[in-house]
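What follows is a set of notes on a single structure, which appears directly below.
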Amino acid sequence: MKRLLPILLLLAVACTRPASTETFIRGNGPYAFTVDMADSTAAYDFDLYTRVDRSDSPSQLLLDITWKAPSDSTFTESVYLPLTRGASFFSRDAYAPYRAGVVPEENGVWTVTVAVPNPPEGLCGMGLVVKSIK
């Protein structure tokens, strides 16, 4: 029995939810991300990232972002995502904080949809990083 206890403790720790998740969706969008904000004791940080494989791409992307609550109510906003010179001359990268310390009014599974109204040629897709803060 003494040998079984450490194994059970290890299994319990291995089954905990990670502090952050990262999802990347390829293509021109819109990009729909499922975000589990069921933990009422946590706040959440959101970061956005992408890459444009084209040397003459814009310096920023206009994004229309819609939040859909578990009750189906929605909130929409427009933000700009700055693009910086990428790893090569032919690409631009973006990784930027989007929202920090979000405490949802309604706990549960939300959908965050990101649309790029005028996607530049070479847009690889869109990524969302969600960090749970306790």
Side-chain angles (χ1 to χ4, degrees):
M1 187 65 171
K2 286 183 180 182
R3 290 183 182 197
L4 185 58
L5 185 60
I7 293 172
L8 291 174
L9 289 174
L10 180 62
L11 288 174
V13 171
C15 294
T16 60
R17 170 180 276 179
S20 70
T21 59
E22 180 178 322
T23 306
F24 185 81
I25 302 172
R26 294 188 178 279
N28 285 330
Y31 312 97
F33 300 95
T34 302
V35 180
D36 185 352
M37 293 193 284
D39 186 350
S40 62
T41 65
Y44 301 88
D45 288 348
F46 295 88
D47 299 337
L48 293 166
Y49 66 97
T50 191
R51 188 176 79 211
V52 179
D53 287 333
R54 188 170 169 109
S55 61
D56 62 347
S57 62
S59 62
Q60 60 186 3
L61 292 177
L62 172 63
L63 306 178
D64 291 331
I65 302 177
T66 302
W67 292 75
K68 184 176 177 187
S71 65
D72 287 337
S73 61
T74 60
F75 167 77
T76 302
E77 66 180 334
S78 295
V79 298
Y80 286 92
L81 180 64
L83 295 171
T84 60
R85 186 60 60 194
S88 77
F89 174 76
F90 300 103
S91 70
R92 287 188 177 263
D93 294 332
Y95 188 105
Y98 165 53
R99 291 271 172 231
V102 174
V103 177
E105 190 165 310
E106 193 178 324
N107 294 103
V109 177
W110 288 64
T111 302
V112 178
T113 303
V114 180
V116 184
N118 299 307
E121 191 173 323
L123 180 64
C124 294
M126 188 65 58
L128 180 70
V129 178
V130 181
K131 297 174 196 151
S132 175
I133 306 162
K134 291 197 179 200

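Side-chain atoms are counted along with the backbone in the values below, which use heavy atoms only and exclude waters and symmetry mates.
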Any side-chain heavy-atom pair of Phe46 and Val102 under 4.5 Å: yes
Shortest non-hydrogen contact from Ile25 toward Ala32: CD1-O, 3.4 Å
Approximate separation, where rounding is to 0.5 Å, of Tyr44 OH and Lys134 NZ: 7.5 Å
Stepwise side-chain contact (heavy atoms from CB on, under 4.5 Å) check, Val52 with Cys124: CA-CA 6 Å; Val52 179; Cys124 294; over 6 Å; no
Minimum heavy-atom distance Tyr98-Ile65, with the two atoms named: OH-CG2, 3.4 Å
Partners passing side chain to side chain donor-acceptor pair (under 3.5 Å) against Thr23 (at least two apart in sequence or in another chain): none
Any residue meeting side chain to side chain donor-acceptor pair (under 3.5 Å) with Arg99, in chain and number order, not counting sequence neighbours: Glu77
Rounded distance [0.5 Å steps], CG in Leu63 versus OH in Tyr31: 9.0 Å
Side-chain H-bond candidate by donor/acceptor type, Ser78 with Asp64, under 3.5 Å: yes
Side chain to side chain donor-acceptor pair (under 3.5 Å) partners of Thr76, counting only residues at least two apart: Thr66
Single-linkage hydrophobic cluster Val129~Phe24, side-chain heavy atoms < 4.5 angstrom: yes
For Ala94 against Pro82, the heavy-atom pair lying closest together: CB-O, 3.2 Å
Mind listing the side-chain donor-acceptor pairs of residues 106-115 below 3.5 Å, one per line with the distance, residues two or more places apart or on another chain?
{"unit_1": "Glu106", "atom_1": "OE1", "unit_2": "Ser71", "atom_2": "OG", "d": "2.9"}
{"unit_1": "Glu106", "atom_1": "OE2", "unit_2": "Ser71", "atom_2": "N", "d": "2.7"}
{"unit_1": "Glu106", "atom_1": "OE2", "unit_2": "Ser71", "atom_2": "OG", "d": "3.3"}
{"unit_1": "Asn107", "atom_1": "ND2", "unit_2": "Met37", "atom_2": "O", "d": "3.2"}
{"unit_1": "Trp110", "atom_1": "NE1", "unit_2": "Glu106", "atom_2": "O", "d": "2.8"}

Geometric class of the Tyr49/Tyr95 ring pair [parallel <30°, tilted 30-60°, perpendicular >60°]: parallel
Distance, nearest 0.5 Å, that separates CG of Leu128 from OG1 of Thr50: 12.0 Å
Flag side-chain contact, heavy atom, 4.5 Å: Val116 against Leu123: yes
Flag side-chain contact, heavy atom, 4.5 Å: Trp67 against Pro104: no
Listed partners of Tyr80 passing ring pair (Phe, Tyr, Trp, His ring centres under 6.0 Å), at least two apart: none
Within-4.5 Å side-chain heavy-atom neighbours: Leu83 and Asp93: no
Pairs flagged by side chain to side chain donor-acceptor pair (under 3.5 Å) wherever residues 116-131 is involved - sequence neighbours left out: Asp47-Lys131, Arg54-Glu121
